[in-house]
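Reviewing the structure listed below.
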Amino acid sequence: MTETDREDATRFEVAVVGGGPAGLTAALYTTRLGHDTVVLDRGGGRAAMMLETHNVIGVTEDVSGNEYLQTAREQIQEYGATYRRDFVTGVERDGDGRFRVETNEDGYTADQVVLATGFSDARPDPPLPRTGRGLHYCLHCDAYMFVDEPVYVMGHGESAAHVAMIMLNFTDDVDLLLRGDEPTWSDDTDRQLRAHPVDVVDDELTGMNKREDGWLESFEFEDGSVREYTGGFAMYGADYNTDLAQGLGCDLTDSGTIDVDDHGRTNVDGVYAVGDVTPGHNQIPVAIGEGAKAGLAAHMELREFPRSLDEIDADGPVTEGDVPGISPAVREAARAFGTGDD
Ligand SMILES: Cc1cc2nc3c(=O)[nH]c(=O)nc-3n(C[C@H](O)[C@H](O)[C@H](O)COP(=O)(O)OP(=O)(O)OC[C@H]3O[C@@H](n4cnc5c(N)ncnc54)[C@H](O)[C@@H]3O)c2cc1C
């Protein structure tokens, strides 16, 4: 490969960091709107943890997170996007205003960057059932599974107390497991919690029993008691993947997410953030919507036409040789895609 070929292979209009639902959707939009787009993705992430998919209209329960993501990756590559399994170690603006994106394996340049890096749920200590089989992190996704079932919430902070009370909308049997920790929720929350039929259990867990199908059956406690649960939620906080955003000078919110406007624009020109790493509900349809809006906003910044009157006055009218404005690589992919061929 010549130096020019190498430069072409690593030069993009849009670099998306993170290949979950948010980043893949941003890439789908920027690609189908004509821009060379690369998705740089370490893999894993929250969507990959789903044993089943809930709340995504048109996607059935039996589709796992990994199956869902594989379909999405194939979809964007068919439209002409580039997907690389790689970890982004740094992003900075270079001298000519473009972004330099460093990864473990390579280096890329891009005009615009979309950060879709998500977060990691803090995982409690064992004994624990399998995630999705009695251990859950997403109330909006999984509360429906526990209607009229015995449920636990694990944790000792504000969010644990609130989720325990929220679960009373779905079942009358909710325990809040402190696991030997002192509660850190406020006095008002304490008063509120005590006024709801939630059983607060102080003791640490000593064991866990599973059913034959792998689902949680019960927890054993230090005092020798055994309590049966179908499942529950662990509420120990989130570790937002904001290192790259902070390196670029993006503002964060008080809760540690990346601060964005309604189209995913951060305070840094040309840098967008979407999905779980931004404020809002942590749900695939929301992440998809945010990815779509940021993809559209990036397109509006990048598209060639219409030229403004100032540009026409300075450079003359647009000629037939100037059009179409679509990138040659995406043009080739779109033609190969064959819309309207048969
Ligand atoms: C167990 C579980 C079950 C869930 N079930 C559902 C459900 O049924 N329905 C629903 O709507 N929602 C569900 N959710 C929530 C849903 O998964 C998230 O809201 C959604 O995945 C957010 O998408 P995202 O693209 O922002 O982040 P993610 O899906 O977390 O993707 C982020 C990606 O960024 C990558 N990344 C991070 N940093 C870097 C870097 N520096 N370089 C390269 N790549 C990087 C990660 O590796 C990952 O691939 C569930 C969550 C969990 C934890």
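Worth knowing before you read on, the calculation uses all heavy atoms, side chains too, and leaves out hydrogens, waters and symmetry mates. Order of listing sets the numbers, starting from 1, for every ligand and every atom in it. Positions are given from 1, in the same order as the sequence printed here. Quantities reported herein were computed from a predicted structural model and do not represent experimental measurements.
Of all the atoms in ligand 1, the ones that sit under 4.0 Å from a non-hydrogen atom of G275 are 26 (O). The D121 neighbourhood of ligand 1 comprises atoms 53 (C), with distances under 4.0 Å to a heavy atom of that residue. The N282 neighbourhood of ligand 1 comprises atoms 15 (C), 19 (O), with distances under 4.0 Å to a heavy atom of that residue. Under a 4.0 Å criterion applied to the non-hydrogen atoms of D86, ligand 1 contributes the atoms 43 (C). Those atoms of ligand 1 that come under 4.0 Å of a heavy atom in T131, given as number and element, are 1 (C). Residue-ligand proximity, G45 to ligand 1, at heavy-atom distances under 4.0 Å covers atoms 30 (O), 48 (C). Within ligand 1, the atoms closer than 4.0 Å to a non-hydrogen atom of G44 are 48 (C), 49 (O), numbered from 1 in the order shown.
Backbone and side-chain nitrogen or oxygen atoms of R42 are examined, and one is located within less than 3.5 angstrom of a nitrogen or oxygen of ligand 1. Looking at ligand 1, you'll find an N or O of H54 within less than 3.5 Å of one of its N or O atoms. Geometrically, ligand 1 and T53 share no nitrogen or oxygen pair separated by less than 3.5 Å. Taking distance alone, with nitrogen or oxygen atoms compared against 3.5 Å, P285 stays at or beyond that limit from ligand 1. Here's the thing with Y137: none of its N/O atoms is less than 3.5 angstrom from an N/O atom of ligand 1. For ligand 1, the polar-atom distance check against A287 finds no nitrogen or oxygen pair separated by under 3.5 Å. Here's the thing with R46: one of its N/O atoms is less than 3.5 angstrom from an N/O atom of ligand 1. Checked against a 3.5 angstrom limit, the closest N/O atoms of I284 and ligand 1 fall inside it.
Ring geometry for F12 against Y108 counts as tilted: the plane angle lies between 30° and 60°, on a 0 to 90° scale. Aromatic ring pairs are classed by plane angle as parallel below 30°, tilted from 30° to 60° and perpendicular above 60°; the pair F146 and F233 is perpendicular. Ring pair H281/H140 is perpendicular by interplanar angle, where above 60° counts as perpendicular and below 30° as parallel.
Side-chain contact annotation: D62 with T60, donor-acceptor N/O pair under 3.5 Å present. Inspection of the Y152 and R227 side chains reveals no N or O donor paired with an N or O acceptor under 3.5 Å. Counted by atom type alone, S225 and D223 present one or more donor-acceptor pairs between their side chains at under 3.5 Å.
With A116, C141, G280 as candidates, the residue nearest to atom 7 (C) of ligand 1 on a non-hydrogen basis is C141. With D276, L69, T89 as candidates, the residue nearest to atom 19 (O) of ligand 1 on a non-hydrogen basis is D276. Compare A26, G43, G18 by their heavy atoms: the one nearest to atom 47 (O) of ligand 1 is in G43.
When heavy-atom distances to ligand 1 are checked against a 4.0 Å cut-off, L40 comes that close only through its backbone atoms N, CA, C and O. Counting heavy atoms under 4.0 Å from ligand 1, residue D142 does not touch it at all. The part of L244 lying near ligand 1 is the side chain, judged by heavy-atom distances below 4.0 Å.
Heavy-atom neighbours of E182 CD from other residues, nucleotides or ligands within 6.0 Å: at or below the threshold of 12.
Partners of Y83 by ring-ring contact (aromatic ring centres under 6.0 Å, His included), not counting sequence neighbours: none found.
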Return all side-chain donor-acceptor pairs below 3.5 angstrom for residues 202-209, not counting sequence neighbours, or 'none' if the list is empty.
residue : atom : partner : partner atom : Å
E204    : OE1  : R179    : NE           : 2.8
E204    : OE1  : R179    : NH2          : 3.4
T206    : OG1  : E220    : O            : 3.4
N209    : ND2  : S218    : OG           : 3.0
N209    : ND2  : E220    : OE2          : 3.1

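Nearest non-hydrogen protein atom to atom 23 (O) of ligand 1 is P21 CD, 3.4 Å. Protein heavy atom nearest atom 25 (O) of ligand 1, with residue, atom name and distance: A22 N, 3.0 Å. Nearest protein neighbour of atom 31 (O) of ligand 1, counting heavy atoms only, is G20 CA, 3.5 Å. T117 CG2, 3.9 Å is the protein heavy atom nearest to atom 39 (C) of ligand 1. Nearest protein heavy-atom neighbour of atom 27 (O) of ligand 1: G118 CA, 4.0 Å. Closest protein heavy atom to atom 42 (N) of ligand 1: V88 N, 2.9 Å. Closest to atom 3 (C) of ligand 1 among all protein heavy atoms lies M50 CG, 3.6 Å. Of the protein's non-hydrogen atoms, the one nearest atom 49 (O) of ligand 1 is D41 OD1, 2.7 Å.
Ion pairing between R194 and D190 holds under the 4.0 Å rule for side-chain N and carboxylate O. D261 and R265 are joined by a salt bridge, as a carboxylate oxygen and a charged side-chain nitrogen come within less than 4.0 angstrom of each other.
For N267 (side chain) and G249 (main-chain N/O), a donor-acceptor pair under 3.5 Å exists by modelled atom type. A donor-acceptor contact shorter than 3.5 Å links the side chain of T253 to the backbone of T257.
Contact between E52 and ligand 1 is present, with at least one heavy atom of the residue lying under 4.0 Å from the ligand.
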Intermediate values then yes/no, side-chain hydrogen bond (donor to acceptor under 3.5 Å, both in side chains), E290 and T278: CA-CA 9 Å; E290 290 171 2; T278 64; 3.2 Å; yes
Intermediate values then yes/no, side chain to side chain contact (heavy atoms under 4.5 Å, CB included), R42 and N241: CA-CA 12 Å; R42 171 181 49 184; N241 299 319; 4.1 Å; yes
L24 vs L69, side chain to side chain contact (heavy atoms under 4.5 Å, CB included): CA-CA, chis, key distance, verdict: CA-CA 9 Å; L24 291 168; L69 291 169; 4.0 Å; yes
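Applying side-chain contact (heavy atoms from CB on, under 4.5 Å) to L40 and the options N104, V101, V113, D106 leaves one that passes, V101.
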